[in-house]
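In what follows, every chain begins at residue 1, and chains take the letters A, B, ... in the order their sequences are listed. Keep in mind it's a predicted model, so treat the numbers as computed, not measured. Only heavy atoms go into these numbers, but all of them, side chains included; no hydrogens, no water, no symmetry mates.
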Number of protein chains: 2
Amino acid sequence: MSKCEQCIIKQFNSLKALTKDELVRISACKTSHTIKKGEVIFEEGEMLNGVYCIKDGICKLSKLSENGKDQIVKMVVKGQLLGQRSLISEETSNLQATALNEMEVCFIPKSEIIADLQKNPKFSFEVLKDMAHDLRDSDDIIVNMAQKSVRQRLAETLIYIHENFGTNPDDTLSVLLSREDYAGIVGTATESAIRVLSQFKKEGLIEAVGKYIKIIDFAGLERVE
Amino acid sequence: MSKCEQCIIKQFNSLKALTKDELVRISACKTSHTIKKGEVIFEEGEMLNGVYCIKDGICKLSKLSENGKDQIVKMVVKGQLLGQRSLISEETSNLQATALNEMEVCFIPKSEIIADLQKNPKFSFEVLKDMAHDLRDSDDIIVNMAQKSVRQRLAETLIYIHENFGTNPDDTLSVLLSREDYAGIVGTATESAIRVLSQFKKEGLIEAVGKYIKIIDFAGLERVE
DNA sequence: TAATACGCATGATAATTGTCATGATTTATA
DNA sequence: TATAAATCATGACAATTATCATGCGTATTA
């Protein structure tokens, strides 16, 4: 089992604010897991008893709406922490986490994290910054949902995924999402998402290599209204 | 000038976690302000150098979207803190704050708050909880924006305002919002908001006493689809 | 291998929502 | 108070988006 003190991943999240001693202690009680694509990490309404540090892979955080559709609220990738909010608010999770590809995660028990939050002000300040940033993102998403068209939201989603989650050697988006997932991110019907993606293809903005999507014309996507 | 140590308002926000000494220190450097209805407290892109503790009144946090409409993201009332996020992330504000009625606020300089955040873990944990709660709210708003109809969102908004911001003696909503504000909350065109409110009146769900709105049929509003 | 399910795709149509125009009413201001 | 300027209201129409139906191709599995 690898050691937290030596793990590079922590540089990308608030765990970097922990002291070496704290990391050694956490290392002793953490557990490592492999999560298969499609597997549910935690469900809506579940009480979390720790946080996940994502060593590799990506997952979606979604919420089932009253009309039965799964709205994707956020995507969490390698380097980030998962489940901090629910831990802090001491409430059950309001979201479901589902792996989008094979993931490697470390699970750190609640008690350890809470102890550090209460003892190490640098750490809690880092978490605060993380959450402040998340809140800003949420605000932007709300404004986009409210004021932009499906076409515009989908175009921006493609660019966002390209910029944040990277590409394969052939420039296709490395995260493989179903059309249903795209609909879930954008907040539209699956058929509408499919239709818009087809339009984008016809307009030469994107290309589909098998199931993979490649962005051809960035400027064009940005211009979509 | 009133003293923070004796102020009841702090019971309602994270300042309650501060020690008496810390409160005395803050009290010495805070400033009190009256803000008139419609006045802008801070603008998008402005660097905040402190937080506001709202002693009385209510304000809206909004963001101008690309199509020129003001999307209301959140409303902040008496008892709550305003501006914590921007302070923590050390970025300019992504939102504009505008008073919806006459407000009484105390302004606490950035340096004081940051110092306490870094020294008093109880305080920073309270702020963390606040933000975790805000994030949960944001998630819900995103799902509602994406999956519910304008009618449904407006009905829920009316109920939300009734439950969270209270009513006048005659049961009308105590917060007086323009139809444009309602449109800004729901994320729709002003005309659409007006139309839906007119429908609600015709359907006997609400009543308009002058500019004030009174909810007549709660169950009916909840049933709106 | 055959059968079945699932994801992708597209058409037809209905429902929702936005936009533009116009007028009434209220509120602010000279 | 008279006038101007917002705000509220409604109609007509256009644009966007959802829903239902159907078919096709590819995985999955009995």
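- Rounded to an integer number of Å, the gap from CD of Q147(A) to P of dT17(D) is 13 Å.
- Around CZ of F107(B), the count of heavy atoms belonging to other residues, nucleotides or ligands within 6.0 Å exceeds 12.
- Atom NZ of K148(A) is separated from atom C1' of dT17(D) by 18 Å (rounded to the nearest Å).
- In this structure, of dT7(D), dA9(C), dG7(C), it is dG7(C) that holds the atom nearest to the side chain of E180(A).
- Side-chain N/O atoms of R195(B) and base N/O atoms of dG18(C) include no donor-acceptor pair closer than 3.5 Å.
- Distance CD1 (I206(B)) to P (dA9(D)): 9 Å, rounded to an integer number of Å.
- For K211(B) and dC8(D), the shortest distance from a side-chain N or O to OP1 or OP2 is below 4.0 Å.
- Projected onto DNA chain C by closest heavy-atom contact, K201(A) and A146(A) fall at different nucleotides, the more 5' of which corresponds to K201(A).
- Annotation: the span from L197(A) atom CG to L154(A) atom CG amounts to 4.5 Å, rounded to 0.5 Å.
- The pair K63(A)-D140(B) counts as a salt bridge, with a side-chain nitrogen and a carboxylate oxygen less than 4.0 angstrom apart.
- Dashed line: the shortest gap from a side-chain N or O of S178(B) to OP1 or OP2 of dA6(D) is not under 4.0 Å.
- For E191(B), whose side chain is taken as the heavy atoms from C-beta onward, the closest listed nucleotide among dA21(C), dA21(D), dC8(C) is dA21(C).
- T188(B) comes within 4.0 angstrom of sugar-phosphate atoms only, judged by non-hydrogen atoms across all strands, and of no base.
- Considering only side-chain atoms of R153(A), the nucleotide from dG7(C), dT7(D), dT17(D) that sits closest is dT17(D).
- Checking the phosphate oxygens (OP1, OP2) of dC8(D), no side-chain nitrogen or oxygen of S198(B) falls inside 4.0 Å.
- The residue S149(B) sits close only to the backbone: its heavy atoms come under 4.0 Å of sugar-phosphate atoms, none of a base.
- For the pair R151(A) CZ and dG18(C) P, the interatomic distance rounds to 18 Å; values are reported in whole Å.
- Look at CG on L177(A): it is 20 Å from P on dC6(C), rounded to the nearest Å.
- Taking atom CD of E225(A) as the reference point, atom C1' of dG18(C) lies 14 Å away to the nearest angstrom.
- Aromatic rings of Y52(A) and H33(A) (six-membered ring for Trp) have centroids beyond the 6.0 Å cut-off, not under it.
- In this structure, I213(A) atom CD1 and dA9(C) atom C1' are separated by 14 Å, rounded to whole Å.
- Within 6.0 Å of CD in Q6(B) there are more than 12 heavy atoms belonging to other residues, nucleotides or ligands.
- One interatomic measurement links the two molecules: NZ of K69(B) to P of dT19(C), which rounds to 5 Å at whole-angstrom precision.
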